[in-house]
Amino acid sequence: AFSAHKNWGHQWRSPEPKAAYDVIIIGAGGHGLATAYYLAKVHGITNVAVLDKGWLGGGNTGRNTTIVRSNYLWEESAALYQHALNLWDGLSQDLNYNVMYSKRGVMMLAHTVHDVQVFKRHIHANRLAGVENEWMTPEEAKEFCPPLNIEKNIRYPVMGAALQRVGGTARHDAVAWGYARGASAMGVDIIQNCAVTGIRRAPSGEITGVETSRGFIGAKKIGCVAAGNTSVVMAMAGLKLPLESNPLQALVSEPVKPAFPCVVMSNTIHAYISQSDKGELVIGAGTDQFVSYSQAGGLHITTHTLDAICELFPMFRRMRMLRNWGGIVDNTPDRSPIIGLTPVPGLYVNCGWGTGGFKATPGSGHVFAHTIATGAPHPINAPFSLDRFRTGRLIDEAAAAAVAH
Ligand code: FAD
Ligand code: PYC
């Protein structure tokens, strides 16, 4: 079928690494690629390399369930995630690449009195911060999502829901590919199969470059955007971060005709679901509770999630699952990301997105590029400093993270 397309060009260049760059980004996931894109586009810094130990977009970017929303509790988070949401709006046009952002609505189910109180608190806080979020009765929730079971006699009855209508999904691979293509066209070198194995520092402490599986590459500045492997990379510079890496699993069903109109999430029973444009049901679980770097998790976690999905959506009871996988997510103690400077001169970090960083990809890349280019945080990421774990100014988003961990 593809024989007629053999003259398709490459979407990005695959150059040999240069001896040195102004900026090296470690990690060619969505966040790393977006950072490189905005470094070039907004700040005119194009002598940049993005290094990845595998293929670009092969980490959590290519493994996530693509839910996009901005209904976080605290003002700092609302500003960050809303910044991202605003960028999602024009992203396909900006990249000239269809990232398939679909505002189909994200509905978060409440099953207990505690859930009801927490979600209503979020809705009030969101409204004050200018973030869209509304309360729905069980009947309204069913009208919005007809497959939903709102019988009162089920194990976790639906007591209501919080709906963000502008939330939805985007196509994860397209996000990575679009940013890669855009960055490469502006002169950024994307170097795949290039694992960073060490960070070299001068006797005075500042970074001078990275040791890699393809030799030493010099750099004036380094941005580490390695998600679940951040602790490992930062240890190469002698830094210990407040992070734990856990597997998070997802699975997809066989494809069926359009049957599911929105995104539904339930943190209480560890399940979330949407339908991809290919027709597969995209289902995700809560985090495995052990620390691990293997991109797989326990079967009991996914079967528990499927039990919950079958109870909430009985019409899916006879669906067959096609495949499942895991990604390694980097969780901070307050479930908010770390974006900013480190104690090592020239070394910057963007991590701790845990179970929820896909939605933030454009905003994260945009503010991190500013941070690296200017050497100081953008006002939006200033509160997300590493230093907050010393000062105690935490941004506790445990309830908004939406996936139990
Ligand atoms: P990644 O895409 O993981 O990129 C990091 C890159 O660093 C990888 O490509 C890796 O190979 C590279 N790397 C690591 N170590 C090295 C090294 N030593 N040298 C060179 N390269 C290295 N978020 C949402 O908002 N919505 C969701 O619905 C959602 N669902 C999820 C479902 C699952 C199953 C998982 C696992 C995550 C989910 N997330 C979700 C979270 C989201 O996927 C991540 O927060 C986000 O994708 C992180 O992007 P990233 O670019 O920082 O990381
Ligand atoms: O953060 O919205 C989220 C999310 C959904 C599934 C995994 N993370």
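Numbering of ligands and ligand atoms starts at 1, following listing order.
The single protein non-hydrogen atom nearest to atom 1 (P) of ligand 1 is Asn60 N, 3.5 Å, given as residue, atom name and distance. For atom 2 (O) of ligand 1, the nearest non-hydrogen atom of the protein is Thr61 OG1, 2.6 Å. The nearest heavy-atom contact from the protein to atom 51 (O) of ligand 1 is His31 N, 3.0 Å. The protein non-hydrogen atom at the shortest distance from atom 12 (C) of ligand 1 is Asp52 OD2, 3.3 Å. The shortest contact between atom 38 (C) of ligand 1 and any protein heavy atom is with Asn64 CB, 3.3 Å. Nearest protein neighbour of atom 35 (C) of ligand 1, counting heavy atoms only, is Leu248 CD2, 3.4 Å. If you check which protein heavy atom lies closest to atom 18 (N) of ligand 1, you get Val196 O, 3.1 Å. Summary of contacts: the protein heavy atom closest to atom 53 (O) of ligand 1 is Ala227 CB, 3.2 Å.
When each atom of ligand 2 is checked for a heavy atom of Thr355 under 4.0 Å away, the hits are 1 (O), 4 (C), 7 (C), 8 (N). The Gly356 neighbourhood of ligand 2 comprises atoms 1 (O), with distances under 4.0 Å to a heavy atom of that residue. For ligand 1 and Gly29, the ligand atoms under 4.0 Å from any heavy atom of the residue are 2 (O), 4 (O), 51 (O). Each of the atoms 24 (C), 25 (O) of ligand 1 lies under 4.0 Å from some heavy atom of Lys359. Those atoms of ligand 1 with a heavy atom of Gly354 less than 4.0 angstrom away are 41 (C), 45 (O). In the vicinity of Thr66, heavy-atom distances shorter than 4.0 Å reach the ligand 1 atoms 27 (C), 28 (O). Below 4.0 Å from some heavy atom of Trp353 lie the following atoms of ligand 1, by number and element: 45 (O). Each of the atoms 19 (N) of ligand 1 lies under 4.0 Å from some heavy atom of Ala195. Every atom of ligand 2 with a heavy atom of Lys359 under 4.0 Å away is listed here by number and element: 1 (O), 2 (O), 3 (C). Within ligand 2, the atoms closer than 4.0 Å to a non-hydrogen atom of Thr65 are 6 (C), numbered from 1 in the order shown. Each of the following atoms of ligand 1 lies closer than 4.0 Å to a heavy atom of Gly327: 36 (C). Listed by number with element, the atoms of ligand 1 under 4.0 angstrom from any heavy atom of Gly27 are 6 (C), 7 (O), 12 (C).
Using a 4.5 Å cut-off on side-chain heavy atoms (C-beta onward), Val282 and Tyr272 make no contact. For the pair Arg155 and Ile269, the minimum side-chain heavy-atom distance is 4.5 Å or more. No side-chain heavy atom of Pro333 sits under 4.5 Å from any side-chain heavy atom of Leu394.
Residue contacts with ligand 1 for Asn229 involve side-chain atoms from C-beta outward but no N, CA, C or O (heavy atoms, distance under 4.0 Å). Contacts of Lys53 with ligand 1, taken as heavy-atom pairs under 4.0 Å, involve both backbone and side chain. Contacts between Val233 and ligand 1, counted as non-hydrogen atom pairs separated by less than 4.0 Å, involve the side chain only. Of the heavy atoms in Val68, none comes closer than 4.0 Å to ligand 1. Neither the backbone nor the side chain of Phe358 comes within contact range of ligand 2; no heavy atom lies under 4.0 Å. The backbone of Cys194, and not its side chain, has at least one atom closer than 4.0 Å to an atom of ligand 1 (non-hydrogen atoms only; backbone = N, CA, C, O).
For the pair Gly62 and ligand 1, no heavy-atom separation below 4.0 Å is found. Heavy atoms of Gly30 come nearer than 4.0 angstrom to ligand 1 in at least one pair.
Judged purely by distance below 3.5 Å, without hydrogens or angles, the side chains of Tyr156 and Asp115 never pair a donor atom with an acceptor atom. Gln289 and Thr287 are linked by a side-chain donor-acceptor pair at a separation below 3.5 angstrom, with hydrogens and angles left out of the test. With 3.5 Å as the limit, one finds a donor-acceptor pair spanning the side chains of Gln164 and Ser70.
Within the 3.5 Å criterion, the main-chain N or O of Glu132 finds no donor-acceptor partner in the side chain of Asn126. Between the Ser253 side chain and the Leu281 main chain, a donor and an acceptor come within less than 3.5 Å of each other. With hydrogens and angles disregarded, a donor-acceptor distance shorter than 3.5 Å links the side chain of Asn64 to the backbone of Thr61. In terms of modelled atom types and a separation under 3.5 Å, the side chain of Thr212 and the main chain of Arg214 share a donor-acceptor contact. In this structure a side-chain-to-backbone donor-acceptor pair under 3.5 Å is missing from Lys142 to Ile150. Listed for the His370 side chain is no donor-acceptor partner under 3.5 Å among the backbone atoms of His366.
Between Arg171 and Asp277 there is no salt bridge, since none of the side-chain N atoms of the basic residue sits less than 4.0 Å from a carboxylate O of the acidic one. A salt bridge links Asp189 with Arg13: at least one charged nitrogen is closer than 4.0 Å to a carboxylate oxygen. Here Arg393 does not pair with Asp387 in a salt bridge; the nearest charged N to carboxylate O distance is not below 4.0 Å.
At a 3.5 angstrom cut-off on N or O pairs, Thr355 counts as close to ligand 1. Considering backbone and side-chain N/O of Tyr272, none are found under 3.5 Å from N/O of ligand 1.
Ring pair Phe313/Phe316 is tilted by interplanar angle, where 30° to 60° counts as tilted.
At least one test fails for Arg181 against the ring of Tyr97: distance under 6.0 Å to the centre or angle within 45° of the axis.
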